[in-house]
Amino acid sequence: MILDLLSNISFYKKLSPNIKDAINSAAAIDFSILDNGKHSIKESEIYVIVNSYETKQNINSILEGHKKYIDFHFLLEGSEVIDYEPLINQRIVTEYNDVEDYCLFSCRTPSKLRLEKGLFALFFPSDLHYTGIAETQPSYVKKVVIKIEMESL
């Protein structure tokens, strides 16, 4: 898992060709004008999900993980807390869904990350996460998640 300033994003281009393409695409796209939903960047290798929502209190202890894609999260508006744990033998709550690329796990004691405008987070398949958590009170968030296929790593 990587949490850093968006102004440092170019440091991570060398991680893989698809990460480099995703970073270059993110710099060239005005995400604020995109409607909520899924938008293709590079066929199935890189795509964007734009979403707007109210953050909520986290009352469960479930985290999601992926096998095929890296998640590149950043906010256009608002701030949220993300629960995070490295994948280390957690109990599977929902079996892996190959079509949607996710599996749900019970968590132990997750770390709390704060994501706000100007920061980004990269979640790899070994990084379990749960997003959209309110810091104190529910608040509006507009978020971009770029899904980056692992195949090219």
Side-chain angles (χ1 to χ4, degrees), residues 1-12 15 18-19 22-23 25-41 44 46-150:
M1 192 280 304
I2 296 170
L3 178 68
D4 201 350
L5 297 168
L6 273 169
S7 59
N8 292 333
I9 192 68
S10 63
F11 299 151
Y12 302 95
L15 292 176
N18 275 355
I19 289 175
I23 290 169
S25 295
I29 296 171
D30 182 358
F31 293 102
S32 67
I33 63 171
L34 292 181
D35 292 331
N36 284 350
K38 185 176 175 179
H39 308 272
S40 179
I41 291 179
S44 66
I46 304 170
Y47 64 92
V48 174
I49 300 170
V50 178
N51 200 4
S52 301
Y53 51 87
E54 291 285 321
T55 59
K56 59 207 167 298
Q57 297 301 316
N58 185 10
I59 57 172
N60 66 39
S61 57
I62 306 296
L63 302 176
E64 72 175 19
H66 309 287
K67 289 184 180 181
K68 296 182 199 174
Y69 289 90
I70 298 166
D71 279 2
F72 171 16
H73 294 231
F74 61 94
L75 300 179
L76 301 176
E77 295 181 47
S79 64
E80 68 180 6
V81 172
I82 300 172
D83 280 354
Y84 161 78
E85 271 188 357
L87 177 59
I88 308 172
N89 299 318
Q90 286 89 343
R91 183 177 59 82
I92 294 174
V93 174
T94 302
E95 291 295 325
Y96 179 69
N97 179 321
D98 186 56
V99 175
E100 299 293 325
D101 185 40
Y102 79 91
C103 186
L104 299 180
F105 298 86
S106 63
C107 65
R108 298 174 181 135
T109 308
S111 297
K112 305 283 185 192
L113 309 173
R114 183 173 189 274
L115 189 62
E116 62 184 47
K117 189 173 180 177
L119 296 175
F120 74 92
L122 282 175
F123 295 101
F124 296 86
S126 60
D127 301 321
L128 303 180
H129 52 285
Y130 182 83
T131 65
I133 303 170
E135 293 183 74
T136 53
Q137 298 297 317
S139 62
Y140 175 79
V141 166
K142 184 162 186 179
K143 183 177 196 173
V144 173
V145 177
I146 301 178
K147 305 291 277 187
I148 306 166
E149 190 174 48
M150 289 288 297

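Numbers here are sequence positions counted from 1. In this text the structure is predicted, and so the values were computed from the model without any measurement.
- A donor-acceptor pair under 3.5 Å links the side-chain atoms of R108 to the main chain of I88, judged by distance alone.
- A 4.5 Å side-chain heavy-atom check between K112 and I82 finds every atom pair outside the cut-off.
- The distance from the CG atom of L63 to the CG atom of L87 is 10.0 Å, given to the nearest 0.5 Å.
- Residues passing the side-chain contact (heavy atoms from CB on, under 4.5 Å) test with K117, sequence neighbours excluded: none.
- With sequence neighbours left out, the side chain to side chain donor-acceptor pair (under 3.5 Å) criterion links K143 to H73, E80.
- The shortest non-hydrogen separation linking T94 to C103 is O-SG, 3.1 Å.
- Taking 4.5 Å as the limit, every side-chain heavy atom of I9 sits out of range of all side-chain heavy atoms of D4.
- The local environment of NZ in K38 is sparse, with at most 12 non-hydrogen atoms from other residues, nucleotides or ligands closer than 6.0 Å.
- Counting only N and O atoms by type, the side chains of H129 and D83 include no donor and acceptor under 3.5 Å apart.
- Residue N36 holds its CG atom at 10.5 Å from OH of Y53, rounded to the nearest 0.5 Å.
- Here the CG-OG1 distance, from L75 to T131, works out to 9.5 Å after rounding to the nearest 0.5 Å.
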Please tabulate, one pair per line, all N/O donor-acceptor pairs under 3.5 Å involving side-chain atoms of residues 133-141, not counting sequence neighbours.
residue: E135; atom: OE1; partner: R114; partner atom: NE; Å: 2.4
residue: E135; atom: OE1; partner: R114; partner atom: NH2; Å: 3.4
residue: E135; atom: OE2; partner: S79; partner atom: OG; Å: 2.3
residue: E135; atom: OE2; partner: R114; partner atom: NE; Å: 3.4
residue: E135; atom: OE2; partner: R114; partner atom: NH2; Å: 3.3
residue: Y140; atom: OH; partner: S52; partner atom: OG; Å: 3.2

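- Annotation for K67: atom NZ does not count as buried by contact number, only 12 or fewer foreign heavy atoms lying within 6.0 Å.
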I'd like to know whether H66 forms a side chain to side chain contact (heavy atoms under 4.5 Å, CB included) with E64, so could you lay out the CA-CA distance, the side-chain angles of the two residues, the decisive distance to 0.1 Å, and finally the verdict. CA-CA 7 Å; H66 309 287; E64 72 175 19; 3.2 Å; yes
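- For D101, the salt bridge (Lys or Arg N to Asp or Glu O under 4.0 Å) criterion is met by no residue, not counting sequence neighbours.
- Atoms CD1 and CG, on I23 and N18 in that order, are 11.0 Å from each other to the nearest 0.5 Å.
- Annotation: side chain of I41 is not in contact with side chain of Y47 (no heavy-atom distance under 4.5 Å).
- The shortest distance between side-chain heavy atoms of F74 and L122 does not fall below 4.5 Å.
- Across every non-hydrogen atom of M150 and P125, the tightest pair is SD-CD, 3.7 Å.
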May I have the step-by-step check of salt bridge (charged side-chain N to carboxylate O under 4.0 Å, His left out) for D98 and K68, ending in yes or no? CA-CA 9 Å; D98 186 56; K68 296 182 199 174; 3.1 Å; yes
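- Taken from CD1 in I46 to OG in S25, the straight-line distance is 5.5 Å, to the nearest 0.5 Å.
- Under the 4.5 Å side-chain criterion, counting only non-hydrogen atoms from C-beta, I148 is in contact with I146.
- Residue L34 holds its CG atom at 12.5 Å from CD1 of I49, rounded to the nearest 0.5 Å.
- In this structure, the side chains of P86 and S126 stay at 4.5 Å or more apart for every pair of heavy atoms.
- Applying the ring-ring contact (aromatic ring centres under 6.0 Å, His included) test to every pair with at least one member in residues 101-122, sequence neighbours left out, gives these pairs: Y12-F120, F72-F120.
- The shortest heavy-atom contact between N60 and I62 is OD1-N, 3.1 Å.
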Would you sort out whether V48 and V145 count as a side chain to side chain contact (heavy atoms under 4.5 Å, CB included), showing the intermediate values? CA-CA 6 Å; V48 174; V145 177; over 6 Å; no
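- For D127, the side chain to side chain donor-acceptor pair (under 3.5 Å) criterion is met by Y84, not counting sequence neighbours.
- The main-chain N or O of T109 is found under 3.5 Å from a side-chain atom of E85 such that the two form a donor-acceptor pair.
- Contact check for I19 versus I70: side-chain heavy atoms found under the 4.5 Å cut-off.
- Pairing each heavy atom of Y130 with each of K56, the nearest pair is OH-CE, 3.5 Å.
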